[in-house]
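Only heavy atoms go into these numbers, but all of them, side chains included; no hydrogens, no water, no symmetry mates. Nothing fancy with the numbering, it's 1 onward along the sequence. We count ligands from 1, going down the list as the structure has it; atoms in each ligand are counted the same way.
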Amino acid sequence: MQLFIDSADPIEIENAYRLGLISGVTTNPSLAAKSSQDYPKDIEKILRLIHGPVSIETVATTYEGMVAEGTALSRLNKHVVVKIPCVSEGFMAAKKLSSHNIAVNMTLCFTLNQALLAANAGVLFVSPFLGRLNEIERNSGFELLKKIKQAYSNYNIKTKILAASIRQAEDIETAALIGADICTVPYNILIGLSAHPLTKKGLDKFLTDWKGSGLSLPV
Ligand code: E4P
């Protein structure tokens, strides 16, 4: 399972990328509003840095507007993925953009039917929002992910499942066990993923023993 960062902050994205933690980025209008003063400039920075999928969301509410924004965004860079919400105009726009070989990520997916519509629109990614569903009813986000995984494998659907709305490190493990293709993760969770107290304790002991041994590496 690949990991993306769920952020619009170029500094967070650069740190995560340099640490080798991520292979793509998902942004959304709320994340942009939180971290950006100049969104076009930040997107330019992000696209210069990341050589992998970068989802940028449309903000139009009509079919024509979504197609126009999506087409313009896709021209910024070959790594741009146009993020479109799971609403009826969105499915139409996604189908149109996908038919022109523009990569689309259908976002705000909360039902299997929305995921099936996304697949029928021929999009590259669908993003079920696990955390927001889990907050309403325990594990219902994971149940949705299981259903999408099962239905997509029944029909050998090529749309990739991008698990989103991650709240804690354990959600990533659950998404991987269910079979999400990608998980998009906030920065604060990403940077904690490598740590475990027993790894630290074990390494401290290895290094103490090594120093006391007087040995050297065969290099
Ligand atoms: C996905 O692409 C979204 O940006 C996302 O994960 C939003 O989740 P949240 O707002 O529920 O954290």
Side-chain angles (χ1 to χ4, degrees), residues 1-13 16-17 21-36 39 42-43 46-47 50 52-60 66 69-70 73-74 79-87 90-91 93-94 97-98 102-111 114-115 117-119 121 123-145 148-149 159-176 178 180-193:
M1 184 178 74
Q2 286 183 292
L3 295 178
F4 289 0
I5 185 169
D6 200 21
S7 172
D9 180 341
I11 297 173
E12 288 184 355
I13 293 167
Y17 197 59
L21 299 173
I22 53 145
S23 51
V25 178
T26 53
T27 66
N28 69 41
S30 301
L31 291 170
K34 193 173 89 179
S35 66
S36 195
Y39 196 46
D42 284 347
I43 288 293
I46 295 165
L47 289 171
I50 303 291
V54 176
S55 289
I56 308 172
E57 194 158 337
T58 56
V59 290
M66 289 177 189
E69 286 178 0
L73 287 170
S74 75
H79 294 299
V80 168
V81 177
V82 178
K83 214 175 181 194
I84 303 235
C86 283
V87 295
F91 290 112
L97 293 167
S98 297
I102 292 174
V104 172
N105 172 2
M106 296 242 52
T107 189
L108 290 166
C109 173
F110 292 99
T111 68
Q114 289 177 324
L117 290 171
V123 302
L124 186 60
F125 301 118
V126 65
S127 294
F129 273 40
L130 310 187
R132 292 195 197 187
L133 279 174
N134 286 341
E135 280 157 9
I136 294 168
E137 189 187 342
R138 195 163 177 265
N139 291 338
S140 58
F142 301 135
E143 291 307 319
L144 171 64
L145 182 57
I148 298 173
K149 181 71 191 174
T159 298
K160 290 183 190 296
I161 306 171
L162 198 170
S165 187
I166 294 300
R167 295 289 179 260
Q168 56 206 341
E170 293 70 26
D171 294 351
I172 303 167
E173 297 183 340
T174 309
I178 295 170
D181 298 293
I182 304 139
C183 192
T184 189
V185 182
Y187 180 71
N188 61 325
I189 300 177
L190 262 182
I191 53 168
L193 290 185

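Here the CG atom belonging to L3 is positioned 11.5 Å from the CD1 atom belonging to I189, to the nearest 0.5 angstrom.
Put simply, the residue from M66, K83, E69 that forms a side-chain contact (heavy atoms from CB on, under 4.5 Å) with E57 is K83. With T184 as reference, T26 is the one residue of N105, T26, T27, N28 to meet the side-chain hydrogen bond (donor to acceptor under 3.5 Å, both in side chains) rule.
For the ring-ring contact (aromatic ring centres under 6.0 Å, His included) test, residues two or more places apart in sequence or in another chain that qualify with F110 are F129. The salt bridge (charged side-chain N to carboxylate O under 4.0 Å, His left out) test applied to E173 returns no partner, not counting sequence neighbours. By the side-chain contact (heavy atoms from CB on, under 4.5 Å) test, E12 pairs with I5, S7, D9, Y187, sequence neighbours left out.
Enumerated by chain and number, the residues approaching ligand 1 to less than 4.0 Å through a heavy atom are D6, T26, N28, K83, F129, R132, A164, S165, R167.
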